[in-house]
Amino acid sequence: MATLIKATQVSKIYHKTVVPVHALNKVDLSIEEGEFTAIVGPSGCGKTTLLNILGGLDHPTSGKVEITGIDITNMKDSDLIDFRLQNIGFVFQAYNLIPVLTAVENVEFIMLLQRKDKKERIARAYELLEKMSMLDKADNRPGELSGGQQQRVAVARALASKPRFILADEPTANLDSASTANLLDLMAQINKEQKATFVFSTHDQRVMDKAKRLVTLLDGSIVSDITR
Amino acid sequence: MLMRIAWRNVWRNKGRSGVVIGAMIVGIWALAFGGGFMRSFLLSYIQSSIRFETSNGQIHHPEFTIDQDIKFTINDQESILAHLRNQKSIENICSRSIVNGMIASSRQATGVRIVGIDPIEESHVTQLDSLVFDGEYFSSNTSNTLLIGERLAEKLKVKVKSKVVLTFQDVNGNITAGRFRVAGILHAASIVINESSAYVRKEDINRLLGIEGYVHEIAYTTVEGTDDQALADQLKNDFPSEKTESWEELSPALVFMQQMMGATLKILIVIIMTALAFGIVNTMLMAVLERIRELGVLMALGMRRTRVFLMIMIETLLLSVAGGPLGLAAGYITIFYLGKRGIDLTEYSAGLEAIGYESILYPSLNLNDYIQIGIGVVLTAMLASLYPAWKATRYNPAEAIHSL
C-alpha cells in the first residue's frame, strides 16, 4: 500500500514557559493507506501535538511532514487550510460540532466549504447520517444530542469531505462504554468497507484493542510501533 | 450557510444581542431626536428672522445699505415691483420707507428705527398684524398711528392710545417731528421688533420726510422650496442699479449660526456613534472570545480566515439591520408626534424670546436625514466590528480547539 503520511525527524519545542518544552523529539513515522492506527501513551507524551502536526494544524519546529508526497511543513496558512479541507477529516475529543447548526447541517457544512453542489451535499449528508444511525436526529442541534450521538455526527462530518485520512484526537475520552463500543465498531466498519485511513490518539484501552497498529509515544519519542 | 450561521449566532445569546440592538435603537433615536430638535431650534430662529426682519430677500438703493440716508430711495420702484409680481417663485411683496430717529413719550425718549409700511402688503409679507397683542393693527381711516414692540412700550411707559412723538431729519436735512398715537403693541420673538422699531403708515412718514411716492426697501417672500440665493442672483442681473440681497446676504449671522448648528450636530453624531462603536466592539469581542474553540474548529475544518472575518462582520451587520429600522421608526414616530404637537418650552420662553427664539419648537427631519442616520449607524457598526472580526482570525486552530 502507498504511504499516505510521512513524518521525518519531526520535533516540536514550545517556548511558552521560561523553560522550553520538548513536546516531540525527532519523530519518524509512516502511515499507509487504509491503516487503523492508534498513537498511544500517557498524558503529556506528545500525542495531540503529533496529531496536530500530521493534520497541518501546527508546524513542527524542525523536521518534515509529507502527505501523499506533498510537503506541508512550510505550506502557506491559506494553502494549508484548503489542503486540510480537501484531504483531512477531523474528529475531536469534545466533538466540536457547530452548536447553531443541526446534525445534517453540520455534516453538510464541510461540503459547502468545498463548494459542492447542494443536491450532492444534502444526499451525502443524509447518507452518512444513516450510516451512523443518526437519521432520526438529523434535524437536532448538538445540544439536543448525547455525547455518543454528537461524536457519531462528528465522524459523519469528518467523512463528508471524502478525506484521504481521518485524524481522531481522543475520540472516546468523553464517551461511556456503550457509546465507545458503538463508535469504534462504526469506525472499524468504515475502515474495512471503504478502506478509510484512521489515525487516533488515545489512552483508552478499548480503542487500543481495536487498533491494527499501535504507536507508543513517551516523552515526545516513539518507543514502540506494533502492527497486529 | 455563512449567513445562516451568522444569523443563528446572533440569537445564541439573546440578552447580549438584545442589549446591542437596544443600544442601536437608542443611538439612532437620540440622533434623530437630537437632530430634529436642533433643526427646529435653528429653523425657528431663521424663519422668525426671515419672517419678521429680512424676508427672503430685499432690494435697496446701493448707498442706502451703507449709511441709510433717506435720500437713497429705490429708483423706478414701479417697474421693479411689476417685475417681481411676474416672478412665479415670489409669493408676496411689500415696500417700505425707513428712517432712523427718536421716539419720545411724556416720560422717556429713545432711538428707534421708523418703518413706513403699507399695512395690507406688510401683513402678507411679515404677518405683522398677527403680532398685535394689545390694541389693533392700523385701522383704515386713522392717520398718524403706529405700532411698537412690547419692550419699547415698557421702556417709554406708554400704552395703547398713548401719544408719542417721532423726531427725525427730512430729505432736506431739517429736523422734523410728528405726533403719533399708539394703535397697537406687538409681541414678537424678534429683538428688533420688540425693542427698537416703530411701524407707521408709509404715506404718513413719507409726507413728513418729503419723499412722497418713494421707498427705501422692497422686501419679498418666496414660495417654499425656492433657492433664495439663486433668485437674488437673478434679480441682481435684472436690476443692476439696485442692490438685491438674499436673507443669507442680509444676515450673515444666520448663515454662521446655521453652520455652527451643523457643526454641533456633527459633534453630537460623533459622540453618539463613538459610544455606540465602543458598545459594539465590546459585545462582538465578547462573542468572539466566547467562541474561540468554535472558531478554531471552523478553521481546522477548512474555513478560510477571510470567511471567519466575514462571518463576524455579517453578525454585526445583522444586528444593525435588526436595530437600525427599529431605531429609525422610533425616531420617526417621536419626530412626527412632536412635529405636530410641538415641544413646549414656555417655561423658558422669556430667555428664548430674548434671544429671538419661539417658545414652542416643532422638530422635523427630512428623508435624507433619516437615510444618513441609518447609513451612519450601519457604517459605525461595521467599522466597530473590524477589530473583533480581525481578532477572530488570529487564533491558531490547534490552540483554539483546546481552549476552554
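Proteins come first, then strands; the chains are lettered A, B, ... in the order of their sequence lines, and each starts at number 1.
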Report task. Measure distances from B:Asn396 to the heavy atoms of chain A and classify the residue's part below 4.5 Å as side chain, backbone, both or neither. Result -> side chain
Query raised in the report: Should we say atom CE of B:Met260 is surrounded by more than 12 heavy atoms from elsewhere, each under 6.0 Å from it?
Result: no
Query raised in the report: Would one find more than 12 heavy atoms of other residues, nucleotides or ligands at under 6.0 Å from atom CZ of B:Arg4?
Result: yes
Report task. Given side chain to side chain contact (heavy atoms under 4.5 Å, CB included), test B:Ile401 with A:Phe90 step by step and report yes or no. Result -> CA-CA 11 Å; B:Ile401 287 166; A:Phe90 289 94; over 6 Å; no
Query raised in the report: Considering only heavy atoms, which portion of A:Gln86 lies under 4.5 Å from any heavy atom of chain B: side chain, backbone, both, or neither?
Result: neither
Query raised in the report: Does NZ belonging to A:Lys12 count more than 12 external heavy atoms closer than 6.0 Å?
Result: yes
Query raised in the report: Who are the side-chain hydrogen bond (donor to acceptor under 3.5 Å, both in side chains) partners of B:Tyr387, not counting sequence neighbours?
Result: none
**Report entry** Segment of A:Phe83 engaging chain B (4.5 angstrom heavy-atom cut-off)
**Finding:** neither
Query raised in the report: Considering heavy atoms only, which positions within residues 92-102 of chain A lie below 4.5 Å of chain B?
Result: A:Phe92, A:Ala94, A:Asn96, A:Ile98, A:Pro99, A:Val100, A:Leu101, A:Thr102
Report task. Identify the residues of residues 47-72 of chain A whose heavy atoms come closer than 4.5 Å to a heavy atom of chain B, ordered by number, or report 'none'. Result -> A:Thr48, A:Asn52, A:Leu57, A:Asp58
Query raised in the report: So which of B:Gly296, B:Pro397, B:Ala398 has the biggest tally of heavy-atom pairs under 4.5 Å with chain A?
Result: B:Ala398
Report task. Count the heavy atoms of every other residue, nucleotide or ligand shown that sit under 6.0 Å from OH of B:Tyr332, and state whether that count exceeds 12. Result -> no
**Report entry** Close approach to chain A in residues 297-314 of chain B, criterion heavy atom under 4.5 Å
**Finding:** B:Val297, B:Leu298, B:Met299, B:Ala300, B:Leu301, B:Gly302, B:Met303, B:Arg304, B:Arg305, B:Arg307
Query raised in the report: Taking everything shown except B:Trp390 itself, do over 12 heavy atoms lie less than 6.0 Å from its CH2?
Result: no
Report summary line: If one checks every heavy atom of A:Arg141 against chain B at 4.5 Å, the contacting part turns out to be side chain
Report task. Step through the shown structure and confirm whether more than 12 heavy atoms of other residues, nucleotides or ligands are within 6.0 Å of OH on A:Tyr14. Result -> yes
Query raised in the report: Counting only heavy atoms not in A:Lys116, do more than 12 fall under 6.0 Å of its NZ?
Result: yes
